[in-house]
There are 2 protein chains.
Amino acid sequence: MKLTIREIASLAGVSTTTVSHILNDKGQRFSEEIREKVLKIVEEHNYSPNYFASNIIKNKSRLIGVIVPDITEVFASTLINLIRKPLNEEGYNLMTCESSSSLEEELALLERYRQLSAEAILMFTSSKLSEKITNNRYHGIPVVFIDAGINDNYYGKIFFNEYDTAVRAINWLIKKGHSHIGLITANDKQHAFPERADAYYDALAANGLSLNKQYVVKTEFTIEKGYEGTQKLLQQEKLTAIFCCDDNLALGCYQAIYDAGKVVNQDIDIIGFDGVEILKHIRPKVKTLHLPFGDFGDLIATKIITAIAEPLKKQPDTYFNMIFNEGEE
Amino acid sequence: MKLTIREIASLAGVSTTTVSHILNDKGQRFSEEIREKVLKIVEEHNYSPNYFASNIIKNKSRLIGVIVPDITEVFASTLINLIRKPLNEEGYNLMTCESSSSLEEELALLERYRQLSAEAILMFTSSKLSEKITNNRYHGIPVVFIDAGINDNYYGKIFFNEYDTAVRAINWLIKKGHSHIGLITANDKQHAFPERADAYYDALAANGLSLNKQYVVKTEFTIEKGYEGTQKLLQQEKLTAIFCCDDNLALGCYQAIYDAGKVVNQDIDIIGFDGVEILKHIRPKVKTLHLPFGDFGDLIATKIITAIAEPLKKQPDTYFNMIFNEGEE
DNA sequence: CTGAAAGCGCTTACAG
DNA sequence: CTGAAAGCGCTTACAG
């Protein structure tokens, strides 16, 4: 059904060598006339070289594998969205598969991508994989992690300078008059964002507010846990604001406040963390620290391209500032 | 770096033929002893056949290409999520690319998937592509559309019996005491869901309510347009409920009501359409008709598998009921 | 400048 | 039962 290079060559009255050279922009061995003739025939018959045949020789798949716990996860899909364009422009295709956060599935997907000869893998994970992937290479394939610092990172860590911005956010709450502020943070098994909680502790101290242990909930970063954590915090009658170390928590917090018959941003102020899309859609809007998603995406795309070109090259760490807008958003 | 079948063969002291047969479960020409020996060596060296070399012969890529306007779109990512597992189990890999709803990009992606020898393509689109893709085959590759009936469908249309459930929803509003109900529906260029609007018209008539043209807004199915449409409707002072023919509209509607200082489900009742995730997260919760996503996903997966096995086989139309829960959700 | 031919890593019809 | 060899559709070093 599909034409082969041989047929195109015979149609054009040249050798397969010439057709291949023209298609791959190799050298100037053919006249412009021939070039155009061949290209015209290719066009007419809608010919495209067999992807597998050329890859077996070029040993390049142009494929970048993405592993993500769940494709409906906003943080990940936002980032995938951002890196796709620059990578497409470099001639790479993204392929996304889901791991359901299962280590077994993650390993199976790595293996599948290896079989597909992926040139790089972008891995969203909360598993410790450094043992399987030393120096960020899985059987030679560069693996770029998005994992909040869980794995060693040969290709450079990314820091968001969360602390300073988070301090600013807490200070904003305090200036607004809040003195009983709750915190929902990680139980430290899944995630490790100590700066976020530290900002809370330090900002309270710097403003002469004492730390109330009843105001602190440690849990996992899900909407449900945010909901439950907030229910607990709401038992503290004086509490008037909650700082959530993640937007999923913030969303659950928002729901719990509403369901408890209170009004968000009126009875209880919320501040979230990451700046995912959904927080813009809910009402009242929930304030959040924003990741600089655009720059973050560009960096990841560049990291991947660099890692493909030079898998053995260490890449530097990068620092970004988080964004927090004190005024109305 | 990567081992070849020849090296495995020589390591095992057998021919490449035998190794290939063992790896591909072809025949019983080898002893169990040899089989185990080869498998052990394969295991030890973590050998996997070169994907491209085998595909060039088998002419099977095991790849299913997905084209989606935007990966962050909840409807699409929900569905992709649902079909991935059954398709993986059949040995297929999903590859997802974004079209930004641009016809040009859609065609480019179809072409790219053709070059990748995708075995089937799942296309989320609002473009009329029947001209390029007659009988749902693009250069022989089966294309399954998710497109609300825009394109011809050789592989069977999917109907959601939206009408009956939508009538029930409107009746529910009327029974609740609403007699001034707004409608936000499509401007008919992008989408064609006439049953949704008809249900509104008919239910009003059946309950002896006259149709007020001021209560009807025709627009596109986006959050922004839902917002603007609602602003228009809110100028109608007697209006106390709005039926949105899409969940994006419902979300924009929800926002506009809040921003106008009114209370959702108290001053103005909303009913949406599709049952996407986000409506469960907002507060107050917005009632919506639900697609039977689970069954829908299973059907699409089956359609794809069937289309790959028998590309020339017409597939039957399918009818689903929408879900509308009158009580609390 | 041009094309015949070798070779990429597999699979499989075929000969022994 | 087993393996040498042809062949999949390309690319490219090489010979003319």
Side-chain angles (χ1 to χ4, degrees), chain A residues 1-39 41-42 45-63 91 114-119 139-140, chain B residues 1-39 41-42 45-63 91 112 114-119 139-141:
Chain A
M1 156 138 250
K2 248 183 114 179
L3 290 181
T4 70
I5 196 172
R6 203 187 326 253
E7 297 168 280
I8 298 293
S10 84
L11 248 31
V14 297
S15 71
T16 59
T17 310
T18 302
V19 175
S20 178
H21 276 239
I22 291 173
L23 257 26
N24 292 293
D25 277 326
K26 295 264 158 120
Q28 239 46 51
R29 46 185 296 171
F30 35 77
S31 66
E32 184 57 28
E33 196 180 346
I34 296 234
R35 203 183 101 90
E36 275 169 19
K37 186 176 174 190
V38 169
L39 254 24
I41 291 176
V42 165
H45 294 78
N46 218 309
Y47 167 78
S48 68
N50 180 300
Y51 178 73
F52 302 104
S54 29
N55 277 311
I56 201 179
I57 295 163
K58 292 180 177 169
N59 208 9
K60 281 193 178 184
S61 62
R62 308 258 81 182
L63 186 71
R114 184 170 81 101
Q115 284 183 27
L116 290 174
S117 299
E119 294 191 41
H139 292 282
Chain B
M1 156 139 249
K2 248 183 115 181
L3 289 180
T4 71
I5 196 172
R6 203 187 324 254
E7 296 168 280
I8 297 295
S10 84
L11 247 32
V14 298
S15 69
T16 60
T17 310
T18 301
V19 175
S20 178
H21 277 240
I22 291 173
L23 256 27
N24 292 294
D25 275 327
K26 295 264 158 120
Q28 239 45 51
R29 48 185 297 174
F30 35 79
S31 65
E32 184 57 26
E33 196 182 348
I34 296 234
R35 201 183 102 89
E36 273 169 20
K37 186 175 176 190
V38 168
L39 254 23
I41 291 176
V42 165
H45 293 79
N46 218 309
Y47 166 78
S48 68
N50 180 300
Y51 178 73
F52 302 105
S54 31
N55 277 311
I56 201 179
I57 295 164
K58 292 182 179 168
N59 207 10
K60 282 195 179 183
S61 62
R62 306 260 82 181
L63 187 71
R112 178 180 289 165
R114 185 170 80 100
Q115 286 182 25
L116 290 174
S117 299
E119 294 191 42
H139 294 280
I141 305 169

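Being a predicted model, the structure only gives us computed values, none of them experimental. Every chain is numbered from 1, with letters handed out A, B, ... down the list of sequences.
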message = Before you tell me yes or no, could you show the steps for Lys58(B) and Asn24(B) under side chain to side chain contact (heavy atoms under 4.5 Å, CB included), namely the whole-Å CA-CA distance, both residues' side-chain angles and the distance that decides it to 0.1 Å?
response = CA-CA 11 Å; Lys58(B) 292 182 179 168; Asn24(B) 292 294; 3.2 Å; yes
task = Let me know the distance between CZ of Phe52(A) and C1' of dG9(C), rounded to the nearest Å.
result = 14 Å
key: Side chains of Tyr47(B) and Ile5(B) in contact at under 4.5 Å (non-hydrogen atoms)   = yes
query = Applying a 3.5 Å limit to both distances, which nucleotide forms a Watson-Crick or G-U wobble pair with dA4(D)?
reply = none
inquiry  = Without decimals, in angstroms, what is the distance between Tyr51(A) OH and dC8(D) C1'?
reply    = 17 Å
note = Rounded to whole Å, CG of Asn50(A) lies from P of dG9(C) at a distance of 16 Å
request  = Compute whether any side-chain donor of one residue and acceptor of the other, for Glu7(B) and Thr4(B), lie under 3.5 angstrom apart.
outcome  = yes
key: Residue Glu33(B) excluded, over 12 heavy atoms near CD under 6.0 Å   = no
ask   = Within this structure, what is the CD-to-P distance between Glu7(B) and dC8(C), rounded to whole angstrom?
value = 11 Å
request  = Send over the distance from Leu3(B) CG to dC8(C) C1', rounded to a whole Å.
outcome  = 16 Å
inquiry  = Just the rounded figure in Å: distance from P of dG9(D) to CD1 of Ile56(A).
reply    = 12 Å
request  = Do nucleotides 11-16 of chain D as a string where each nucleotide becomes B, S or -: B if the base has a protein heavy atom under 4.0 Å, S if just the sugar-phosphate does, - if no protein is that close.
outcome  = SBB---
inquiry  = Using side chain to side chain donor-acceptor pair (under 3.5 Å), reason through Ser15(B) and Thr18(B) one step at a time and then give a plain yes or no.
reply    = CA-CA 5 Å; Ser15(B) 69; Thr18(B) 301; 3.2 Å; yes
query = If you measure from the P atom in dG7(C) to the same atom in dG16(D), how many Å do you get, rounded?
reply = 16 Å
query = To the nearest Å, how far apart are Ile22(A) CD1 and dC1(C) P?
reply = 14 Å
ask   = Is there a Watson-Crick or G-U wobble partner for dA13(C) with both distances under 3.5 Å, and which nucleotide is it?
value = none
ask   = Are any side-chain N or O atoms of Tyr51(B) and backbone N or O atoms of Ser61(B), one a donor and one an acceptor, separated by less than 3.5 Å?
value = yes
